[in-house]
Amino acid sequence: QVQLIESGGGLVQPGGSLILSCVVSGRTSNEYTMGWLRQAPGKGREFVAAITWAGGNTDYADSVKGRFTISRDNAMDTLYLQMNSLKPEDTAVYSCAARPWIETSARPNDYPYWGQGTQVTVTS
C-alpha cells in the first residue's frame, strides 16, 4: 500500500514562493506516476502537475506552467513542487497522489493513492 505524506504548505504573499514535499512509502517499483492536485474552497479537485517516477517526464496545468516545477528525488523517495510567483487563485489544499502506471494523467480519478493534503494560502 502506497502512503503519501505532504508538508510545506503555509501562508505566503502574492509573488512569493513555497516548496511542497511528499514522502512516498510502500512503492514496490519505479513504474509509478506522481502528481500534485489541488482543491480550492467550493471547487473540485484540479490537476496541477505530474511526473513519471522512472523517466521524469512531466506535465503541467496551463495555469501553473512557467511558475511551478515538479521534481522527485529517487534516493529520498520524495516528490517536490516548487511554486513561484504565487497568486491568490493558487490558494487551495494541495495533495500528493500516485498512480501505478507510467503515464501522466490530469484526471484526479486516475490516481488511486492520495496524501492528506497541505494548505497553501496566498494573500496580502
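Computed from a prediction, not measured in an experiment: that's the story for all the values here. All heavy atoms count here, side chains included; hydrogens, waters and symmetry mates do not.
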Rounded distance (nearest 0.5 Å) linking atom CD1 of Ile5 with atom OG1 of Thr118
12.0 Å
Cluster membership besides Ile51, Ile/Leu/Val/Met/Phe/Trp/Tyr side chains within less than 4.5 angstrom, sorted by chain and number, is Val2, Leu4, Val12, Leu18, Leu20, Val24, Tyr32, Met34, Trp36, Val48, Trp53, Tyr60, Val64, Phe68, Ile70, Leu79, Leu81, Met83, Leu86, Tyr94, Tyr113, Val120, Val122
Separation between OG1 (Thr52) and CZ (Arg72), nearest 0.5 Å, reads 6.5 Å
Determine whether more than 12 heavy atoms belonging to other residues, nucleotides or ligands lie under 6.0 Å from atom CD of Gln119.
yes
State which residues pass side-chain contact (heavy atoms from CB on, under 4.5 Å) with Thr78; sequence neighbours excluded, sorted by chain then number.
Ser21, Val23, Met76, Tyr80
Which residues satisfy the salt bridge (Lys or Arg N to Asp or Glu O under 4.0 Å) test with Asp73, sequence neighbours excluded?
none
Closest contact, heavy atoms only, Pro108 versus Arg45
CG-O, 3.8 Å
Could you check if a side-chain atom of Arg99 sits within less than 4.5 angstrom of a side-chain atom of Pro112, using non-hydrogen atoms only?
yes
Keeping Thr33 on the side-chain end and Trp101 on the backbone end, is there a donor-acceptor pair under 3.5 Å?
yes
Can you tell me how far CG of Asp110 sits from CZ of Phe47, rounded to the nearest 0.5 angstrom?
10.5 Å
Minimum heavy-atom separation for Ala97 and Leu37, please, with both atom names.
CB-CD1, 3.8 Å
Working to the nearest 0.5 angstrom, can you tell me the gap between Glu46 CD and Gln39 CD?
10.0 Å
Got a sec, which residues hit side-chain contact (heavy atoms from CB on, under 4.5 Å) with Ser95, two or more places apart in sequence or on another chain?
Glu6, Val93, Trp114
d(Gln3 CD, Cys96 SG) to nearest 0.5 Å is 12.0 Å
Would you please name every residue forming a side-chain contact (heavy atoms from CB on, under 4.5 Å) with Ser124, sequence neighbours left out?
Pro14
Once side-chain contact (heavy atoms from CB on, under 4.5 Å) is applied, do any residues pair with Ala40, and if so which ones, sequence neighbours excluded?
Lys43, Ala92
Does Asp62 pair with Lys65 as a salt bridge, N-O distance under 4.0 Å?
yes
